[in-house]
Amino acid sequence: MKESSNSKRIYLSPPHLGTLESELVKEAFDSNWIAPLGPHVDAFEREFSDYLGVAHAAALSSGTAALHLSMRLLNVQPGDEVICSTFSFCSSANAILYEGGRPVFIDSETDSWNIDPDLLEEELHECARRGKLPKAVIAVDLYGQAADYDRILPICRKYEIPLVEDAAEALGASYGDRKTGTFGKVGIFSFNGNKIITTSGGGMLVSEDRALVERARFLATQARDPAPHYQHSTIGYNYRLSNILAAIGRGQLRVLPERIEARRRNFEFYHRALSRLPGIGFMPEAGFGRCTRWLTCITIQAESFGATPETVRLALEDHNIEARPVWKPLHLQPVFSGFRVRGGRTSEKIFATGLCLPSGSSLSSNDLERIVEIISGTQNGTKKNHP
Ligand SMILES: Cc1ncc(COP(=O)(O)O)c(C=O)c1O
């Protein structure tokens, strides 16, 4: 039975704003800095790079824009290959295609669900044998968890291939004592509405290399040459973050540690309540780092649980609760079907069994209890209705 349509919807990962954000936005209005660029953009970049412990940051209109610029910065040319995790959102690979490059997909390992270093090494070995190495490697930190950089970095160094770290989903996570986003030549983040902190839409590109970040800012502001008139010697983009959105970002950054703890508490609640059920598993937290649990992802073995992930998703939807399948591996996406993949079975298996549960930092314990009760009720096809 469907709940009444006016019951408050529980979203997968909604924005969670406080009062500081609106005070900072009001300041932007009052000072008339309603522009792309302005003092909040500069301050957001400074505060963000301080938080991460990285030298330079450029605030951009989206994580996808940051990925696209990283391809430009690394000089990806038409026909160049770029390695990319297959278990990811489409924009990790789209950015390669924007520059005419060709993604080569690599499967996940099971400890973190991120790019498998053994398969990466195999692929690069093969490429070297054929005499043409990829131009870059994009490693994704999925669902709030770092990839295994102690293994990935030496491989990239051995073949002298720059690493781009797509940490769009993993702001605030760590690998050892270092924050995610700081391992590559370039790191990127997203402040899209569903991320752990949001500016409604926005992104950041970070690097230790000052010249690279300055080049990113130049390309992101239409590649305007230093001349009093408008002069352009290369193709640029309109990719900068506005001063108003940067004001939101500054407020959000201050509450990031609380948001991480709230999401980890959600995970612990789900784990306590659901891990005892047959057939239910969770995305592992690899021993090498600390995950933010941006999203709590479970796996459901339908034979032992007695219901498929889709049955569980629809049961939650009947109660106006949003859950989502995990990312469909990119090598299975029609748009990327012509590109090479190494491995694939691991991410395909996670895709067949995975489900992302509501994970917002504003979820109440009552919400969590309802969600758990509905999921438990789907076991063995016994779809109970919450009162
Ligand atoms: C792994 C990953 N990379 C890149 C992006 C793109 O970020 P944006 O939506 O800010 O363009 C996202 C999600 O939005 C993502 O999940």
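We're numbering straight along the sequence, starting at 1. Just follow the structure's listing: the first ligand is 1, and inside any ligand the first atom is 1.
Distances below 4.0 Å separate heavy atoms of V140 from the following atoms of ligand 1: 1 (C). Remark: ligand 1 atoms within the under-4.0 Å shell around heavy atoms of S62 are 10 (O), 11 (O). Remark: ligand 1 atoms within the under-4.0 Å shell around heavy atoms of S88 are 1 (C).
With hydrogens and angles ignored, the 3.5 Å screen pairs a side-chain donor or acceptor of D107 with a backbone N or O of S347. Under the 3.5 Å distance criterion, the side-chain polar atoms of R72 are matched with a main-chain donor or acceptor of I235. For S13 (side chain) and G360 (main-chain N/O), no donor-acceptor pair under 3.5 Å exists by modelled atom type.
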Requested in this report: Determine, step by step, whether F189 and F48 satisfy the ring pair (Phe, Tyr, Trp, His ring centres under 6.0 Å) criterion, reporting the C-alpha distance in whole Å, the side-chain angles of both residues, the deciding distance to 0.1 Å, and the verdict.
Outcome: CA-CA 11 Å; F189 294 90; F48 196 84; 5.1 Å; yes
Requested in this report: Determine, step by step, whether Y149 and D141 satisfy the side-chain hydrogen bond (donor to acceptor under 3.5 Å, both in side chains) criterion, reporting the C-alpha distance in whole Å, the side-chain angles of both residues, the deciding distance to 0.1 Å, and the verdict.
Outcome: CA-CA 10 Å; Y149 291 107; D141 302 324; 2.6 Å; yes
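Of all protein heavy atoms, the one lying nearest to atom 11 (O) of ligand 1 is T64 OG1, 2.5 Å. If you check which protein heavy atom lies closest to atom 13 (C) of ligand 1, you get K195 NZ, 2.9 Å. If you check which protein heavy atom lies closest to atom 16 (O) of ligand 1, you get E169 OE2, 2.6 Å. If you check which protein heavy atom lies closest to atom 9 (O) of ligand 1, you get N192 ND2, 3.4 Å.
Between S85, A167, A168, G202, it is A168 that holds the heavy atom closest to atom 2 (C) of ligand 1. Atom 10 (O) of ligand 1 has its nearest heavy-atom neighbour, among S61, S190, A170, in S190.
Remark: S304 OG to Q379 CD distance equals 9.5 Å, nearest 0.5 Å. Note that CZ of F305 is 5.5 Å distant from CG of L277, once rounded to the nearest 0.5 Å. The CG atom of L295 sits 6.5 Å away from atom CZ of R263, with the distance rounded to the nearest 0.5 Å.
Distances shorter than 4.0 angstrom occur between a heavy atom of S91 and an atom of ligand 1.
If you run ring pair (Phe, Tyr, Trp, His ring centres under 6.0 Å) between W327 and each of W113, F87, F89, only F89 comes through.
Inclusion of F89 in the set of residues having an N or O under 3.5 Å from an N or O of ligand 1 is not warranted. Considering backbone and side-chain atoms alike, D166 places an N or O below 3.5 Å from some N or O of ligand 1.
Looking at A65 against ligand 1, nothing comes within 4.0 Å, counting heavy atoms.
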